[in-house]
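Note sheet for the following structure.
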Protein chains: 2
Amino acid sequence: MTTEELAATRKTGAALVDDLAEQIRNRIMTGEIPIGAQLRQAELASNFGVSRTPVREALRQLQTSGLIEVLPNKGAVVSVPAPWDVREAYEVRAELEALAAARAVRRITRGQIDQLRAANQEMYDLSVAGRGDGVPAQHDHRRSNDVFHTLIASISGNARLSKAINDINETFPRNVSAQLIVNDSRHRDENFQEHERILEALADGDAQRAADQMREHVIKAGEQLARWYELRSSTVFRG
Amino acid sequence: MTTEELAATRKTGAALVDDLAEQIRNRIMTGEIPIGAQLRQAELASNFGVSRTPVREALRQLQTSGLIEVLPNKGAVVSVPAPWDVREAYEVRAELEALAAARAVRRITRGQIDQLRAANQEMYDLSVAGRGDGVPAQHDHRRSNDVFHTLIASISGNARLSKAINDINETFPRNVSAQLIVNDSRHRDENFQEHERILEALADGDAQRAADQMREHVIKAGEQLARWYELRSSTVFRG
DNA sequence: GAAAGTAACATTGGATCCAATGAGAGGGGG
DNA sequence: CCCCCTCTCATTGGATCCAATGTTACTTTC
């Protein structure tokens, strides 16, 4: 299908705009729209079968969340994350997820621990099975990883905390980090074991350890992502 | 002057929309536009001397940041904060500001400590002088308070952290907390002394204590704000 | 042949238009 | 007397319009 108007079964108002923003965000997150790419209003409008008006409102939302940058009279481009900015953001995210893990200790149930363990195992299996399979494997992997992290955040019982973590996550396309973990067995194993350590701390009811393990894990993930963007920018300058 | 078009000297594009969003946000933050109030596009448009188009984009930005809610075909209203939501948000803010304080310890200079001390003293003096003077005193007080907190955040050296803290702050109108502190001498004194304790920890280079004091201070402020909203909602239901 | 100017084209951006939905008043029926 | 229906008005929301700005390719000149 050339357009996705079928999916947007005649929504209207805030619903339509939010939906547009969500779909554009997804395309950026998955890398379908690459970093630095121009977002032309007319093109997006025809893609989604609407006029430019709601598209522009959706772009404003994405601008506010920092995923795109809007230059006066030049339009919107997907933000290219600076490595230092990634490190800063992940330091914040690490602290927030550490808080979430600490809080989750007091509220987590046996069933939820099993759920988390299953998500982690699934993520590992997907990584092993999908080596080199490219985009779909990365996509599935990212989903399981998101399940793991968002589940802990939601168990924390603080909706604002979940939202704050999510807001940071939505700032950077993360298909790249999935790529790393899927294709590099060392990263994959480390990632799996870090999750397991967090799980153990949660199961033990050790809030301090859960927080520390989570903080360390997220910082490490951020470092990998920052490195990837460093590599990428130097490649771009060469190529 | 009836309109503020003078201030908006023919801006255009993202600059105009951002400016509109900023001005509307200010009016909400100061209470000039009260909580729960309807925001009519046509009214705002004529107030600012523009058409409804950029106003709608500005409203989308405010919607994304959570300050207003947009209901389909019914327009935008200023969000009325639920007390539990305020507590949750301030728990997050407390953690972020604690991190900022801890990080600031390693970077703060003697001059900056003096600056902070001056801001705190000014805030106290303004509170004493402005008792009962109403809106202007509250406004000045809130500004000095903001200086104190944003300065520490900026000293932390993590721009994302500053932004995350700011994003949470911009979610709730805070004229009310200023009102509390200006008019209640006990709150005023406690606020002053909490700031002093944070300053001492910063001056001593004690990251742990700075973080703990800051966390406690912000949680307490959040509790006050939440209480205020509780009181308000029960009053509204009676009146 | 290169650089600068210019003219056509593409794109953004605010204003305006009209359809659609919602709110409220007035009137008719139970 | 109260309830409900309908008609009208206010407001939102997407589409369209036109001016303004930016970009690119072509031409002209040195």
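For clarity, every value in this text was computed on a predicted model and none was experimentally measured. Atom set for the values below is all heavy atoms of this structure, side chains included, hydrogens, waters and symmetry mates excluded. We name chains A, B, ... by the order of the sequence lines, and we start the count at 1 in each one.
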Of B/Arg56 and A/Lys74, whose nearest nucleotide on DNA chain C comes first from the 5' end?
A/Lys74
Reading DNA chain C in the 5' to 3' direction, which nucleotide is the first one with an atom under 4.0 Å from a heavy atom of chain A, and which is the last?
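Nucleotide range in contact with chain A: C/dT11 to C/dG14.
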Dot-bracket summary - DNA chain C, pairs being Watson-Crick or G-U whose distances fall under 3.5 Å, with | when paired to another strand:
||||||||||||||||||||||||||||||
Pair A/Tyr90, A/Arg93: side-chain N/O donor-acceptor within cut-off below 3.5 Å
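There is such a pair between these side chains.
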If you measure only the distance, is there a donor-acceptor pair under 3.5 Å linking the side chains of A/Arg60 and A/Gln63?
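Yes, a side-chain donor-acceptor pair sits under 3.5 Å.
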Once you apply a heavy-atom cut-off of 4.0 Å, does A/Thr53 come out as touching a base, just sugar-phosphate, or nothing?
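Here A/Thr53 touches the bases of the nucleic acid.
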Specify whether B/His217 and B/His149 have parallel, tilted or perpendicular ring planes, treating 30° as the upper limit for parallel and 60° as the lower limit for perpendicular.
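Parallel.
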Side-chain touch A/Arg232/A/Ile35, heavy atoms, less than 4.5 angstrom
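Heavy-atom side-chain distance check passes, below 4.5 Å.
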Do B/Leu96 and A/Leu96 come within less than 4.5 Å of each other through their side chains, counting heavy atoms only?
yes
Compare every heavy atom of [Y] with every heavy atom of [X], then report the nearest pair and how far apart it is.
| X | Y | result |
| --- | --- | --- |
| A/Leu44 | A/Leu59 | CD1-CD2, 4.2 Å |
| A/Leu20 | A/Ala58 | CB-CB, 3.9 Å |
| A/Ala100 | A/Ser156 | O-CB, 3.6 Å |

Which residue lies toward the 5' end of DNA chain D, B/Thr12 or A/Gly13, if each is placed at its nearest nucleotide?
A/Gly13
For DNA chain D, whose closest nucleotide is more 5', that of B/Arg60 or that of A/Arg52?
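The 5'-side residue here is B/Arg60.
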Strictly below 4.0 Å, heavy-atom distances to any atom of DNA chain D: list the hits from residues 34-44 of chain B, or just say none.
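Hits under 4.0 Å, by residue number: B/Leu39, B/Arg40, B/Gln41.
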Mark yes when over 12 heavy atoms from residues, nucleotides or ligands other than B/Arg87 sit less than 6.0 Å from its CZ; otherwise mark no.
yes
Side-chain (B/Thr171) to main-chain (B/Asp167) donor-acceptor, under 3.5 angstrom
yes
